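Order of the sequence lines sets the chain letters (A, B, ...), proteins ahead of strands, with each chain counted from 1. No hydrogens, no waters, no symmetry mates; every other heavy atom, side chains included, goes into these values. Given the structure is predicted, the values throughout are model-derived calculations rather than measurements.
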Amino acid sequence: MSYWLLKSEPSELSISDLAGRPARTESWDGVRNYQARNILRDGMRVSDLAFFYHSSCAEPGIVGIVQVASAAYPDPTQFQADHKHYDPDSKPADPRWWLVDVQLVRKLKRTISLTELKGHPELAAMPLLRKGNRLSVMPVSAAEWDCILRLE
DNA sequence: GCCAACGTTGGC
DNA sequence: GCCAACGTTGGC
């Protein structure tokens with residue numbers, strides 16, 4: 001089993017939005033970065049766990065845990081001409097963008113903020129904490145995962 | 001293949 | 001709103 005971190009702007013999808021859904025699931029569409037795409041498509045497996053991270057908001061940080069609920073499949077929004085994530089160069093026979101479904105496992109008891117995460121040297125190698133890094137889907141090591149959960 | 005221009009991300 | 005950092009595009 002592997003661990004991951006997924007960023008979401010709460011104005012697009014917050015942890016509370018996810019918690020309010022009947023099946024507490026979301027199709028993680030809209031990823032339009034090749035590195036993130038490769039991680040989604042080639043790295044993630046059903047039942048892997050991921051931190052849910054709020055970005056571009058008042059208190060950026062980790063707010064919950066989700067579980068990968070499907071294998072990767074083509075992101076349907078890339079073929080929808082009226083969709084903001086439409087990609088006219090992607091063809092159904094050879095899809096460029098992929099996604100997985102995720103399901104909420106639980107909210108954390110509190111937000112573990114970006115500021116707090118930066119204060120722990122054992123987390124310094126996380127892409128999340130590296131200056132200028134904008135990756136929205138990234139791996140988390142087992143040691144980092146355990147370390148962050150102990151902060152809760 | 002180089003690189004300037006541009007668009008996006010995301011913290012502050 | 002600002003701006004640093006990064007990815008993508010497209011001319012040459």
Nearest whole angstrom, please: distance from the P of B:dG11 to the NZ of A:Lys118.
-> 8 Å

At under 4.0 Å, does any side-chain N or O of A:Tyr53 touch on OP1 or OP2 of B:dG11?
-> yes

Decide ring-ring contact (aromatic ring centres under 6.0 Å, His included) for A:Tyr53 and A:Trp4; before the verdict, give the C-alpha distance in whole Å, the side-chain angles of both, and the deciding distance to 0.1 Å.
-> CA-CA 11 Å; A:Tyr53 177 90; A:Trp4 311 97; over 10 Å; no

If the plane angle is over 60° it's perpendicular, under 30° parallel, otherwise tilted; pick one for A:Phe51 and A:Trp145.
-> parallel

Value in whole Å for how far the C1' atom of B:dT8 lies from NZ of A:Lys7 | 12 Å

Short side-chain N/O contact to C:dC3 OP1/OP2 from A:Lys131, under 4.0 Å = no

In whole angstroms, how far is the P atom of B:dT9 from the NZ atom of A:Lys84?
-> 9 Å

Separation of C:dG7 atom C1' from A:Tyr34 atom OH, nearest Å, is 11 Å

Indicate yes or no: does A:Lys84 engage A:Glu12 in a salt bridge with an N to O separation below 4.0 Å.
-> yes

Which part of the nucleic acid, if any, lies within reach of A:Ser55 when heavy atoms closer than 4.0 Å are counted: base, sugar-phosphate only, or nothing?
-> sugar-phosphate

Between CZ of A:Arg96 and C1' of C:dT8 the distance, given in whole Å, is 11 Å

Whole angstrom is fine here: how far is it from CG in A:Leu128 over to P in C:dC6?
-> 15 Å

Taking CE from A:Met138 and P from B:dT9, how many angstroms apart are they, rounded to a whole number?
-> 14 Å

Using atom CG of A:Asn33 as one end and atom P of B:dT8 as the other, report the distance to the nearest whole Å.
-> 14 Å

Before accepting this row, confirm whether a basic side-chain N of the pair A:Arg32/A:Asp75 lies closer than 4.0 Å to the acidic partner's carboxylate O.
-> yes

